[in-house]
Amino acid sequence: MDDALNFRFTKAERLSSKKKIEELFAKGSSIYLYPFRLVYIAHTEPAPHQLLISVSKRNFKKAVDRNRIKRLIRETYRTNKHLLSASESKYRLALIYTAKEIPEFKHLNQKLIEILSRLKNM
RNA sequence: UAAGCAAGCCGUCUUAUCGCUGCGUAUGCAAAUACGGAGAGGAAAGUCCGGGCAGCACAGAGCACCGUACUUCCUAACGGGAAGGGAUGAUUUUGGUGACGAAAUCAUUACAGACAGGGCCACAGAAAAUAUACCGUCCUUGCUUCGGCAGGGAUAAGGGUGAAAAGGUGGGGUAAGAGCCCACCGCUCGGCUGGCGACAGCAGAGGCAGGGUAAACCUUACGGGCUGAAAGGCCAAAUAGGUUCCGCCACCUUCGGGUAAAGGGCGGCUCGUCCUUAUGCGGAAUGGGUAGGCUGAUGGAUCCAGCGCGUGAGUGCUGGGCUAGAUAAAUGAUAAGAGUUUCCUGCAAAGGAAAAACAGAACCCGGCUUACAGGCUUGCUUAUUUU
RNA sequence: GCUCGGUUCGUCUAGGGGUUAGGACGCGUCCCUUUCACGGACGAAACACGGGUUCGAUUCCCGUACCGAGUA
């Protein structure tokens, strides 16, 4: 599977099972790099990397703001996920946005590249 | 032309690249791929009302509880809306000695009942509701130092208090007073007329028959069964357990049991002793049902136009259109350009900078409330200019 | 998504039409003590916001904002 230049983000790449999410938060490890907290766990199923994005309702009261941030994060992951394709094991990931301001795309992009590189070098 | 008010409408656009979710077509067993076309709002918000829809409950009636409250109408329904009535307030004009009345315009109005019943009305005040008279006014008796003092009685006109003081004004009357009497204003009552009705008008009777509070209890009338799509319906892995069927047990028996065998515990091992052995083991089928999936679920009290009815909210007919359907939850990101507004430079042309609101569907509708940069249209009022 | 409840000194609370809005802890000043603590006296300090009903509202009604709880 050569997905080095695959910028798609399909349903299979989203983490939506309640059980798997509970397992991820119960057993997973985490990396903190402002403004993100990344929770991850390796899995052995044939599925690709799976991602969940979370923005707290406590920090952003308006649904418009939460949607905006989640969309920005999804775009940055979509354009940078090839960084993980060289990795041997497959991960389940949860990206939690912890800052209290609405971010700029460029800044977010740079931070996401940093945190994905760290995960890759684990 | 400018400002204000009211009503209605809009509330960024284009291109390129990379993406997301349905739908249609084609290929494919399928996963998926390709092409085409679609993809947030006026409030999607708050969840304050009402309805559809669904499950459960239900003979009928009453009580309790909750809600609503001028009238008529609109509507599927409403606590929403329309038209009207009353009340209150403001302004202008006007009548009257006065109390107060009349007309016009504008604004506000949760506006049933206080004679069904009790309850409450702080402080102040004599008294706060069946008037125990504080000051005062008047009559009278006694005393008097002639200034008054004390007692008995009449009096709600005046003072003062209060949010509110027991109809008001003018006159007569009286010892002083008082609807005690009269006129007017107001009030109450029944009648007639107009209006579907709220109510209005007219003439008459009654000296007036008694404060406020029901967004406190309450009374009356009307309405309300409870629960919400996380409702409800369907399909259905793996594991465990349920049911049914099949297979698997050494011998004797007087059917109570006995002997043997297998496995396990105690024990270093043998012996010994104890426990278990069809309520078991294996296989197949099957019902419920978990994860998960499908449905509910997007064509409707629908939208647009025309004609008609109605003062209006609305409504009838005809023609045309299809306009999001996600589910850890799509509708996006980046770049360039255009347009709008504001500011700066500039005579101008133009250039530069900044801003672009409130806000994101979650079963669906009808309302209400709240938030909102900027713009457009119509009507009314005021001001200015031109003809 | 749906359904309930609450908001009173800095904090925790009482009060449910007329109050000087009460109490505890905390804070400040003074007294006591050689000093601190304890104790005593005095003081400052609050009804979320906007309308309405009423003579009068923290209290009753409506709306807004914020906080919290329940429900798979």
Side-chain angles (χ1 to χ4, degrees):
Chain A
M1 182 161 143
D2 180 20
D3 55 357
L5 291 174
N6 178 10
F7 294 116
R8 309 191 67 240
F9 187 65
T10 61
K11 224 165 183 175
E13 295 175 67
R14 295 176 211 164
L15 186 54
S16 62
S17 161
K18 192 176 174 181
K19 281 200 161 183
K20 289 174 183 171
I21 292 168
E22 279 172 2
E23 187 196 354
L24 169 62
F25 280 99
K27 300 182 182 170
S29 314
S30 78
I31 302 172
Y32 187 83
L33 177 77
Y34 185 86
F36 295 115
R37 193 162 83 89
L38 177 67
V39 183
Y40 65 96
I41 189 169
H43 72 96
T44 54
E45 291 168 21
H49 297 292
Q50 291 185 318
L51 177 72
L52 168 148
I53 301 164
S54 172
V55 181
S56 169
K57 195 171 189 175
R58 188 169 286 273
N59 293 340
F60 297 93
K61 285 196 165 299
K62 292 174 185 170
V64 170
D65 297 337
R66 292 198 299 275
N67 279 343
R68 165 90 183 154
I69 293 166
K70 284 160 84 172
R71 284 164 179 162
L72 284 172
I73 294 172
R74 199 176 61 222
E75 286 297 310
T76 55
Y77 176 79
R78 187 174 65 77
T79 50
N80 291 305
K81 68 176 182 177
H82 56 84
L83 291 172
L84 285 178
S85 62
S87 172
E88 292 173 6
S89 49
K90 298 292 183 186
Y91 291 107
R92 293 200 185 109
L93 309 166
L95 262 179
I96 299 158
Y97 186 77
T98 57
K100 294 199 164 70
E101 304 85 33
I102 298 176
E104 289 286 316
F105 179 79
K106 286 177 181 170
H107 182 245
L108 206 62
N109 202 24
Q110 182 193 340
K111 288 291 182 183
L112 190 92
I113 290 171
E114 271 183 53
I115 199 165
L116 287 185
S117 310
R118 263 211 235 177
L119 177 65
K120 187 182 172 188
N121 298 331
M122 278 298 212

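Every heavy atom of this structure was used, including side-chain atoms; hydrogens, water molecules and symmetry mates were not. Naming: A, B, ... by sequence-line order, numbering from 1 per chain.
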J.: My understanding is that a pair needs two contacts under 3.5 Å, Watson-Crick or G-U wobble. By that rule, which nucleotide pairs with rA16(B)?
T.: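 Looking at the geometry, rA16(B) pairs with rU334(B).
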J.: Compare side-chain N and O positions of K62(A) against OP1 and OP2 of rA359(B) and report whether any pair is under 4.0 Å apart.
T.: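 Checking K62(A) against rA359(B): at least one side-chain N or O falls below 4.0 Å of OP1 or OP2.
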J.: Generate the contact string for nucleotides 324-336 of chain B. Rules: B means base contact, S means sugar-phosphate contact only, - means no protein heavy atom under 4.0 Å.
T.: ---SBSSBBSSS-
J.: Run the side-chain hydrogen bond (donor to acceptor under 3.5 Å, both in side chains) test against E23(A) and tell me which residues pass, sequence neighbours left out.
T.: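 Scan of E23(A) (side-chain hydrogen bond (donor to acceptor under 3.5 Å, both in side chains), adjacent residues dropped) gives none.
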J.: Which residues pass the side chain to side chain contact (heavy atoms under 4.5 Å, CB included) test with S17(A), not counting sequence neighbours?
T.: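 Only K19(A), K20(A) meet the side chain to side chain contact (heavy atoms under 4.5 Å, CB included) criterion with S17(A).
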J.: Both distances below 3.5 Å, Watson-Crick or wobble geometry, any strand: find the nucleotide opposite rA362(B).
T.: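 rA362(B) is unpaired by these criteria.
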J.: Pairs of donor and acceptor atoms involving the side chains of residues 101-118 of chain A, under 3.5 Å and at least two apart or interchain, shall be tabulated with distances.
T.:
{"residue": "N109(A)", "atom": "OD1", "partner": "N80(A)", "partner atom": "ND2", "Å": "2.7"}
{"residue": "S117(A)", "atom": "OG", "partner": "I113(A)", "partner atom": "O", "Å": "2.6"}

J.: For R66(A) and rA359(B), give me the distance from atom CZ to atom P, rounded to whole Å.
T.: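 Taking atom P of rA359(B) as the reference, CZ of R66(A) is at 13 Å.
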J.: Find every protein N or O atom lying less than 3.5 Å from an N or O atom of nucleotides 32-36 of chain B, and list the pairs.
T.:
{"residue": "rU33(B)", "atom": "OP1", "partner": "R8(A)", "partner atom": "NH1", "Å": "3.1"}

J.: Mind checking side-chain hydrogen bond (donor to acceptor under 3.5 Å, both in side chains) for R74(A) and listing every partner two or more places apart, or none if nothing turns up?
T.: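 With sequence neighbours excluded, R74(A) shows a side-chain hydrogen bond (donor to acceptor under 3.5 Å, both in side chains) to no residue whatsoever.
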J.: Can you tell me the pairing partner of rC281(B) across any strand shown, Watson-Crick or G-U wobble, with both distances under 3.5 angstrom?
T.: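 With both distances under 3.5 Å, rC281(B) matches rG247(B).
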J.: The criterion is side chain to side chain contact (heavy atoms under 4.5 Å, CB included); which residues satisfy it with S30(A), sequence neighbours excluded?
T.: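 With sequence neighbours excluded, S30(A) shows a side chain to side chain contact (heavy atoms under 4.5 Å, CB included) to R37(A), V39(A), given in chain and number order.
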J.: Return the nucleotide paired to rC73(B): Watson-Crick means purine N1 to pyrimidine N3 with N6-O4 or O6-N4, wobble means G-U with N1-O2 and O6-N3, both under 3.5 Å.
T.: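 Result: rG81(B).
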J.: Hunt down the Watson-Crick or G-U wobble partner of rG314(B), both distances under 3.5 Å, from any strand shown, or write none.
T.: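 Matched rG314(B) with rC309(B) under the 3.5 Å cut-off.
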J.: Reckon K61(A) has a side-chain N or O less than 4.0 Å from the OP1 or OP2 of rA359(B)?
T.: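 Checking rA359(B) against K61(A), no side-chain N or O comes under 4.0 Å of OP1 or OP2.
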J.: In the structure shown, which nucleotide is the Watson-Crick or G-U wobble counterpart of rG268(B), with both distances under 3.5 Å?
T.: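 In the structure as shown, rG268(B) has no Watson-Crick or wobble partner.
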J.: Just to verify, what does F60(A) make a ring pair (Phe, Tyr, Trp, His ring centres under 6.0 Å) with, not counting sequence neighbours?
T.: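 For F60(A), no residue satisfies ring pair (Phe, Tyr, Trp, His ring centres under 6.0 Å) once neighbours in sequence are set aside.
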J.: Name all residues meeting the salt bridge (Lys or Arg N to Asp or Glu O under 4.0 Å) criterion together with R68(A); count only those two or more places apart in sequence or in a different chain, and write none if there are none.
T.: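 Result, salt bridge (Lys or Arg N to Asp or Glu O under 4.0 Å) vs R68(A): none returned.
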J.: From CD1 of I69(A) over to P of rA359(B), roughly how many Å is that when rounded to an integer?
T.: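 Result: 15 Å.
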J.: Does anything in residues 25-35 of chain A come within less than 4.0 Å of RNA chain B? Heavy atoms only, and list the residues if so.
T.: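 Heavy-atom cutoff 4.0 Å gives no residues at all.
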J.: When the C1' atoms of rG190(B) and rA203(B) are compared, how many Å lie between them, rounded to an integer?
T.: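 The same atom, C1', in both gives a distance of 13 Å.
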J.: Of all residues at least two apart in sequence or in a different chain, which pass the ring pair (Phe, Tyr, Trp, His ring centres under 6.0 Å) check with Y97(A)?
T.: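 Residues passing ring pair (Phe, Tyr, Trp, His ring centres under 6.0 Å) with Y97(A): none at all.
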J.: Does the side chain of L95(A) come within less than 4.5 Å of L52(A)'s, by heavy atoms?
T.: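 L52(A) vs L95(A): side chains apart.
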J.: Considering every strand shown, what is the Watson-Crick or G-U wobble mate of rU7(C) when both distances are under 3.5 Å?
T.: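 Check on rU7(C): paired to rA65(C), both distances under 3.5 Å.
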J.: Excluding sequence neighbours, so at least two apart, what forms ring pair (Phe, Tyr, Trp, His ring centres under 6.0 Å) with F36(A)?
T.: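 With sequence neighbours excluded, F36(A) shows a ring pair (Phe, Tyr, Trp, His ring centres under 6.0 Å) to no residue whatsoever.
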J.: Paired with rG11(B) by Watson-Crick or G-U wobble geometry, both distances under 3.5 Å: which nucleotide is it?
T.: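 The base-pairing partner of rG11(B), which may sit in any strand shown, does not exist here.
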